[in-house]
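Here the structure is a predicted model, which is why all the values come from computation and not from measurement.
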Amino acid sequence: MKKPSAKIRQEITRLQDQLRQAETREAERIGRLALKAGIGDIAIDETELLRAFEELAARFRPDRNGSAEAKPAGSSAASSSLPVPSDAIKNSAGEA
């Protein structure tokens, strides 16, 4: 028997709420780790930071074999390092 549309809408609403909660948990976890790593102390454009996060995520995404192990440095283009602005280095070292 097919579900009535009202029941499907309720399920969608419930799933959207679960998604928001999961995304909030993930954001808080990543934010805490980023702060521990000192990301909050460096001056970097959000676009550059997003690109760096995307490259980091690509390093740890499962490959075609389902392996999610970290790839050795230099094994792909995604593992290349981004240039860090000199003022970001000064800020992370505690200099003004």
Side-chain angles (χ1 to χ4, degrees):
M1 184 170 136
K2 295 186 179 188
K3 291 182 183 178
S5 61
K7 187 87 164 170
I8 294 170
R9 281 190 201 91
Q10 287 176 342
E11 190 171 333
I12 289 171
T13 300
R14 181 181 56 81
L15 291 171
Q16 286 173 331
D17 186 49
Q18 286 180 359
L19 178 60
R20 276 191 298 276
Q21 290 174 6
E23 288 174 339
T24 298
R25 282 191 307 273
E26 292 166 3
E28 289 172 349
R29 175 181 168 254
I30 302 247
R32 280 191 304 273
L33 292 171
L35 290 174
K36 281 184 181 181
I39 297 292
D41 296 335
I42 61 174
I44 185 170
D45 179 65
E46 285 191 22
T47 305
E48 291 180 66
L49 185 58
L50 177 59
R51 187 173 63 232
F53 280 143
E54 288 169 344
E55 289 181 9
L56 178 65
R59 283 184 53 201
F60 294 96
R61 281 203 181 100
D63 60 15
R64 292 182 191 178
N65 300 327
S67 172
E69 294 182 27
K71 298 175 188 170
S75 67
S76 71
S79 66
S80 66
S81 61
L82 288 174
V84 178
S86 60
D87 63 329
I89 295 170
K90 290 178 187 173
N91 288 343
S92 65
E95 299 174 10

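- Counting only heavy atoms from C-beta outward, the side chains of Asp17 and Arg14 never approach each other to under 4.5 Å.
- The closest side-chain heavy-atom distance from Ile39 to Leu49 is below 4.5 Å.
- Gln16 CD to Gln21 CD: the interatomic distance, rounded to the nearest 0.5 Å, is 12.5 Å.
- Of the inter-residue distances, the one linking Lys3 atom NZ with Gln10 atom CD reads 10.5 Å to the nearest 0.5 angstrom.
- Under the 4.5 Å side-chain heavy-atom criterion for grouping Ile, Leu, Val, Met, Phe, Trp and Tyr, Ile30 is not connected to Phe60 through any hydrophobic cluster.
- Here the side chains of Leu15 and Leu19 are not in contact, with every heavy-atom distance at 4.5 Å or above.
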Query - Evaluation steps, side-chain contact (heavy atoms from CB on, under 4.5 Å), between Glu28 and Thr24 - result: CA-CA 6 Å; Glu28 289 172 349; Thr24 298; 3.6 Å; yes
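- Atoms CD1 and OG1, on Ile44 and Thr47 in that order, are 9.5 Å from each other to the nearest 0.5 Å.
- The line from NZ of Lys2 to CD1 of Ile8 is 9.5 Å long, rounded to the nearest 0.5 Å.
- Remark: Glu46 CD is loosely packed, at most 12 non-hydrogen atoms of other residues, nucleotides or ligands lying under 6.0 Å away.
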